[in-house]
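No experiment lies behind these values; they were computed from the predicted model shown.
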Amino acid sequence: MKKNIFKILFLSLILTNLGFIMDADPKEPSMLMRFVEFFAMTGTIFLLISLVYFLATFTYKKILKKTV
């Protein structure tokens with residue numbers, strides 16, 4: 001389980017980096033605000049991906065348990 005969480009965190013960091021590179025908005029002058037936006041977006045993506053992943057695995061295991 002720990003390995004899955006690290007994979008999800010790594011994926012969310014990659015997606016956040018790609019999003020910030022592709023972003024065409026003018027950059028915020030404050031470095032503190034840039035870091036806050038980066039970590040907030042990483043946390044949001046991490047929560048969304050982990051929610052979908054763990055709900056899907058939980059549902060898959062429940063379905064397998066009922067059919068056996």
Side-chain angles (χ1 to χ4, degrees):
M1 180 146 152
K2 197 180 218 184
K3 191 175 183 181
N4 292 336
I5 291 174
F6 283 127
K7 286 181 182 179
I8 292 171
L9 181 63
F10 188 68
L11 178 65
S12 65
L13 284 170
I14 289 173
L15 290 175
T16 303
N17 278 327
L18 288 174
F20 273 94
I21 289 171
M22 292 173 36
D23 190 17
D25 292 341
K27 298 298 179 214
E28 193 72 33
S30 170
M31 279 303 278
L32 178 65
M33 193 60 189
R34 286 187 194 181
F35 282 115
V36 167
E37 286 179 355
F38 179 80
F39 288 118
M41 186 55 72
T42 302
T44 304
I45 292 173
F46 175 77
L47 286 174
L48 289 174
I49 292 174
S50 61
L51 181 72
V52 169
Y53 174 76
F54 288 119
L55 280 176
T57 55
F58 175 76
T59 306
Y60 181 70
K61 287 179 183 179
K62 285 290 186 181
I63 290 172
L64 281 182
K65 192 181 286 187
K66 282 189 176 184
T67 58
V68 171

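Criterion: ILVMFWY side-chain heavy atoms under 4.5 Å apart, direct or through other members. Under it, V52 and I14 are not part of a common hydrophobic cluster. Tracing side-chain contacts under 4.5 Å through hydrophobic residues (I, L, V, M, F, W, Y), one reaches I45 starting from I5; they form part of the same cluster.
In this structure, L13 and F38 have side chains that are in contact, with non-hydrogen atoms separated by less than 4.5 Å.
Taking CZ of F46 as the start and CG of L51 as the end, the distance is 11.0 Å to the nearest 0.5 Å. Note that CZ of F6 is 11.5 Å distant from CD1 of I8, once rounded to the nearest 0.5 Å. Note: N17 CG to M41 CE = 12.0 Å, rounded to the nearest 0.5 Å.
Here the shortest heavy-atom pairing between T67 and L64 reads OG1-O, 3.0 Å.
Within the structure, every pair that satisfies the side chain to side chain donor-acceptor pair (under 3.5 Å) test and touches residues 36-64, not counting sequence neighbours, is listed here: N4-Y53, T16-T42.
Counting non-hydrogen atoms of other residues, nucleotides and ligands closer than 6.0 Å to CZ of F54 gives a total above 12.
Contacts of F35 classified as ring pair (Phe, Tyr, Trp, His ring centres under 6.0 Å), with partners at least two apart in sequence or in another chain: none.
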